[in-house]
Amino acid sequence: MSGTATYPLPDAGATAALGARIAERLRAGDVVALSGGLGAGKTTMARAIIGALGHEGEVPSPTFAIIQTYDPPSVSLPLVHADFYRLEDPSEAEELGLDDYRHDGALIAEWPEQAGGFAHERACLSIRLETADEGRLAIVEAGPDWLERMP
């Protein structure tokens with residue numbers, strides 16, 4: 001099984017469907033690293049995953065708070081949604097106590113490169129979102145722990 005796949009995302013329904021497939025495969029310890037330019041759809045994808053995990057209601061962008069947590073019973077798996085856009089140095093991610101948040105849950109990381117990246121982790125699913133002529137594209141690269149669970 002290949003560790004890379006490309007998914008066309010022509011509309012919100014396609015994004016929601018991919019988010020649902022990711023959510024049903026998500027486990028504690030996983031990282032979903034969302035990268036792409038401003039407006040590429042990172043927060044939209046994060047919202048799709050969080051909604052598919054059972055959260056009802058608003059899913060605010062954590063741009064200013066940096067970290068937003070979701071716990072059962074509002075979601076089926078403890079989850080941290082982080083937006084690292086405002087970090088000026090990757091060492092700042094350590095100051096957030098991110099490991100404490102990730103202990104029993106999964107992490108959705110927007111702008112992962114600002115936190116030093118997560119692609120080196122076995123349980124990282126890296127998703128680069130790009131704007132295309134027909135909407136958006138999601139280029140997905142699976143870490144070793146995701147190879148049998150590719151969405």
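Within the model, atoms OG of Ser61 and CD of Gln68 stand 10.0 Å from one another, a figure rounded to the nearest 0.5 Å. Separation of atoms CD1 (Ile66) and OH (Tyr85) is listed at 13.0 Å; rounding is to 0.5 Å. Between the CD atom of Glu94 and the CG atom of Leu87 there is a distance of 11.0 Å, given to the nearest 0.5 Å. Annotation: the span from Thr4 atom OG1 to Glu141 atom CD amounts to 4.5 Å, rounded to 0.5 Å. For the atom pair CD1 (Ile139) and OG1 (Thr6), the distance works out to 5.0 Å, reported to the nearest 0.5 Å. Taking CG of Asp83 as the start and CD1 of Ile67 as the end, the distance is 10.5 Å to the nearest 0.5 Å.
Glu113 and Ser35 are not linked by any side-chain donor-acceptor pair at a separation below 3.5 angstrom, with hydrogens and angles left out of the test.
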Handout entry: side chain to side chain contact (heavy atoms under 4.5 Å, CB included) evaluation trace for Asp71 with Thr69
Key = CA-CA 7 Å; Asp71 294 303; Thr69 60; 4.3 Å; yes
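Although no hydrogens or angles enter the test, the distance criterion places a donor-acceptor pair under 3.5 Å between the side chain of Arg25 and the main chain of Met150. Distance alone, capped at 3.5 Å, places no donor-acceptor pair between the Lys42 side chain and the Trp111 backbone.
Scanning all heavy atoms of the two residues, the minimum distance from Phe84 to Pro112 falls at CD1-CA, 4.4 Å. The minimum heavy-atom distance between Ala115 and Ala93, with the atom names listed, is CB-CB, 3.8 Å. Taking both residues in full, the closest heavy atoms of Leu77 and Ala28 are given as CD1-N, 3.7 Å, listed atom of the first, atom of the second, then distance. Pro151 and Leu18 get closest at one heavy-atom pair: CB-CD1, 3.9 Å.
Looking at Leu53 and Leu26, their side chains come closer than 4.5 Å, going by heavy atoms from C-beta outward. Using a 4.5 Å heavy-atom cutoff, the side chains of His81 and Ile50 are in contact. Side-chain contact between Pro8 and Arg136: absent, with no pair of heavy atoms (C-beta onward) separated by less than 4.5 Å. Using a 4.5 Å cut-off on side-chain heavy atoms (C-beta onward), Glu56 and Ser74 make no contact. Counting only heavy atoms from C-beta outward, the side chains of Gln114 and Pro90 never approach each other to under 4.5 Å. For the pair Trp146 and Asp30, the minimum side-chain heavy-atom distance is below 4.5 Å.
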Got a list of side-chain donor-acceptor pairs under 3.5 Å for residues 120-129, not counting sequence neighbours?
{"unit_1": "Glu121", "atom_1": "OE1", "unit_2": "Arg102", "atom_2": "NH2", "d": "2.7"}
{"unit_1": "Glu121", "atom_1": "OE2", "unit_2": "Arg102", "atom_2": "NH1", "d": "3.3"}
{"unit_1": "Arg122", "atom_1": "NE", "unit_2": "Asp145", "atom_2": "OD1", "d": "3.2"}
{"unit_1": "Arg122", "atom_1": "NH2", "unit_2": "Asp145", "atom_2": "OD1", "d": "3.3"}
{"unit_1": "Arg128", "atom_1": "NE", "unit_2": "Glu130", "atom_2": "OE2", "d": "2.7"}
{"unit_1": "Arg128", "atom_1": "NH2", "unit_2": "Glu130", "atom_2": "OE2", "d": "3.1"}

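With Ile108 as the fixed residue, the side chain to side chain contact (heavy atoms under 4.5 Å, CB included) test singles out one of Leu34, Ile22, Val31: Leu34.
In this structure Tyr70 satisfies the ring-ring contact (aromatic ring centres under 6.0 Å, His included) test together with His55, sequence neighbours excluded.
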